Amino acid sequence: MPEFDLRYIQAAKYTLADGKVKYAEKTKVGDAMTANLELKFAEGRLYAEGRLSEYMKLATGGTISLGVKKILDEAKKMLYGATEKVRQVGETPVTGILYSAKDAASYVGVSFYCPDMVDGVTKYTSVFAYKALFGPPALVYKTKGQNLEFATPTTTGEFMPAEDGEEGIIETATHDTIAAAKKWCDAVLTTPEG
């Protein structure tokens, strides 16, 4: 299935209260470039009478990698627990982002959508990872060479089942329009009232 034009990577803080998952403080992560989700499985084999008698394979979570043009400051605070730091430089206060040994990353839900072809027709597939925990990307800087190169961050984390009794890990949905895909992405990261 060809995929192109990934869009709308966003995250919201995940919390569990009274057995119900809640999402809050939804924020855009950055201009989307790549998203890769790889499920991990627990496997079990039972041998009896000299042959494989039973086999089980259960999804337990996975790895998520998000490539963006630039990770936005609000996303850095949510995903990594980074904080703002204001430093006086002469007469000018300069606000930066501080990563420290005390940082506590938040569990987040993550959603995005991507157009793809279904039976020769453009559809829009939305993806939702229920609960993920990220670490800051590597910071890579280098001098100018003969060719122009862009340095863009990829943030990687682990995703796992939600703890709401349903144990959802990843959910996808296919839509006819971009508007429907965006609406779905917003809805999964919004806790319904009541």
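The residues of the chain are indexed from 1 along the displayed sequence. Keep in mind that this is a model prediction, so the values were computed, not measured.
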Colleague: Flag yes if more than 12 heavy atoms outside K70 fall under 6.0 Å of its NZ atom; otherwise flag no.
Modeller: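 Enclosed: over 12 neighbouring heavy atoms sit under 6.0 Å from NZ of K70.
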
Colleague: Can you measure from CE (M56) to CG (L46) and round to the nearest 0.5 angstrom?
Modeller: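 Rounded to the nearest 0.5 Å, the CE-CG separation comes to 11.0 Å.
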
Colleague: Same cluster for V110 and I170 if Ile/Leu/Val/Met/Phe/Trp/Tyr side chains link at under 4.5 Å?
Modeller: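 Yes, because V110 and I170 connect within a single hydrophobic cluster, where side-chain heavy atoms sit under 4.5 Å apart.
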
Colleague: Could you grab the distance from atom CD of Q10 to atom CG of L66, nearest 0.5 Å is fine?
Modeller: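 Atom-to-atom, Q10:CD and L66:CG are 12.0 Å apart.
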
Colleague: Calculate, to the nearest 0.5 Å, the distance between atoms OH and NZ belonging to Y113 and K182 respectively.
Modeller: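 It is 5.5 Å, given to the nearest 0.5 Å.
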
Colleague: Hey, quick one: are Y14 and L189 part of the same hydrophobic cluster, counting side-chain heavy atoms closer than 4.5 Å, chains of contacts allowed?
Modeller: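 Per the 4.5 Å side-chain linkage, Y14 and L189 are co-clustered.
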
Colleague: Hey, does the side chain of T34 reach the backbone of G67 with a donor-acceptor pair shorter than 3.5 angstrom?
Modeller: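 The answer is yes, because a donor-acceptor pair under 3.5 Å joins these two groups.
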
Colleague: Between D31 and K28, what is the shortest heavy-atom contact and its length?
Modeller: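 D31 and K28 have their closest heavy atoms at OD1-NZ, 2.8 Å.
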
Colleague: Give me the atom names and distance for the closest heavy-atom approach of P137 to I71.
Modeller: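 So the two residues come closest at CG-CD1, 3.7 Å.
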
Colleague: Should the pair F128 and W184 be assigned to parallel (<30°), tilted (30 to 60°) or perpendicular (>60°) ring geometry?
Modeller: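 The rings of F128 and W184 stand perpendicular, inter-plane angle above 60°.
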
Colleague: With the 4.5 Å side-chain cut-off for hydrophobic clustering, are V29 and I97 part of the same group?
Modeller: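 Hydrophobic grouping puts V29 with I97.
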
Colleague: Side-chain contact, heavy-atom cut-off 4.5 Å: L16 with Y107?
Modeller: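 The answer is no, as the side chains (C-beta and beyond) never meet within the 4.5 Å cut-off.
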
Colleague: Counting N and O atoms only, with roles assigned by atom type, does the side chain of D186 sit under 3.5 Å from a partner on the main chain of K183, one being a donor and the other an acceptor?
Modeller: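 No; zero donor-acceptor contacts below 3.5 Å.
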
Colleague: Can you see which heavy atom on K26 is nearest to which on A12, and at what distance?
Modeller: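 Between these two residues, the closest heavy atoms are CA-CB, 3.8 Å.
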
Colleague: How many angstroms lie between atom OG1 of T155 and atom CD1 of I9, to the nearest 0.5 angstrom?
Modeller: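 One gets 10.0 Å once the value is rounded to the nearest 0.5 Å.
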
Colleague: Counting heavy atoms not belonging to E54, are there more than 12 under 6.0 Å from its CD?
Modeller: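 At most 12 heavy atoms, drawn from other residues, nucleotides or ligands, come within 6.0 Å of this atom.
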
Colleague: Just verifying a value: how many Å separate T83 OG1 and Y99 OH, rounded to the nearest 0.5 Å?
Modeller: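 Nearest 0.5 Å value for the OG1-OH distance: 10.0 Å.
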
Colleague: Under 3.5 Å, side chain of S106 to main-chain N/O of V108, donor-acceptor pair present?
Modeller: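 Absent.
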
Colleague: Please assess I64 against E158 for the test side-chain contact (heavy atoms from CB on, under 4.5 Å), listing each intermediate value before the final yes or no.
Modeller: CA-CA 6 Å; I64 181 170; E158 293 287 320; over 6 Å; no

Colleague: How far apart are the C-alpha atoms of F112 and L37, what are their side-chain angles, what is the distance that settles it, and do they pass the side-chain contact (heavy atoms from CB on, under 4.5 Å) test?
Modeller: CA-CA 12 Å; F112 58 87; L37 291 87; 3.6 Å; yes

Colleague: Is D73 salt-bridged to K76, cutoff N-O under 4.0 Å?
Modeller: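 Here D73 pairs with K76 in a salt bridge, since their nearest N and O are under 4.0 Å apart.
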
Colleague: Using every non-hydrogen atom in the two residues, find where A32 and V68 come nearest and quote the distance to one decimal.
Modeller: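 Smallest heavy-atom distance, with atoms named: CA-CG1, 4.4 Å.
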
Colleague: Between L52 and R45, which heavy-atom pair has the shortest distance, and what is it?
Modeller: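 Between these two residues, the closest heavy atoms are CD1-CB, 3.7 Å.
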
Colleague: Is it the case that atom NZ in K77 sees more than 12 heavy atoms from other parts of the structure closer than 6.0 Å?
Modeller: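 More than 12 within 6.0 Å, yes.
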
Colleague: Any heavy-atom pair between the side chains of P161 and I169 that's under 4.5 Å?
Modeller: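 Yes, close enough: below the 4.5 Å cut-off.
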
Colleague: Can you tell me how far OH of Y130 sits from CZ of F159, rounded to the nearest 0.5 angstrom?
Modeller: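 Answer rounded to 0.5 Å: 12.5 Å.
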
Colleague: Pair T125, T174 - check side-chain contact (heavy atoms from CB on, under 4.5 Å), show working.
Modeller: CA-CA 4 Å; T125 299; T174 303; 3.9 Å; yes

Colleague: Please answer whether the main-chain N or O of K85 pairs with a side-chain N or O of T95 as donor and acceptor at a distance below 3.5 Å.
Modeller: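 No.
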
Colleague: For the residue pair Y124 and Y8, is the inter-centroid distance of their aromatic rings smaller than 6.0 Å?
Modeller: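 That pair fails the under 6.0 Å test.
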
Colleague: Is it possible for you to say whether L79 and V21 belong to one hydrophobic cluster, with membership spreading through side-chain heavy-atom contacts below 4.5 Å?
Modeller: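 Per the 4.5 Å side-chain linkage, L79 and V21 are not co-clustered.
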
Colleague: Kindly say whether K20 contributes a backbone atom to a donor-acceptor pair with the side chain of D18 at under 3.5 angstrom?
Modeller: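 Between the backbone of K20 and the side chain of D18 there is no qualifying donor-acceptor contact (under 3.5 Å).
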
Colleague: With clusters defined by side-chain heavy atoms of hydrophobic residues (ILVMFWY) lying less than 4.5 Å apart, directly or transitively, does M160 cluster with Y23?
Modeller: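 The answer is yes; both residues are in one hydrophobic cluster.
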
Colleague: In sequence, state the C-alpha distance, the side-chain angles, and the governing distance for E25 and E74, and then conclude on side-chain contact (heavy atoms from CB on, under 4.5 Å).
Modeller: CA-CA 10 Å; E25 302 174 41; E74 287 304 311; over 6 Å; no

Colleague: Looking at every heavy atom in both L72 and G30, which two are closest together, and how far apart are they?
Modeller: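 Heavy-atom minimum between the residues: CG-CA, 4.1 Å.
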
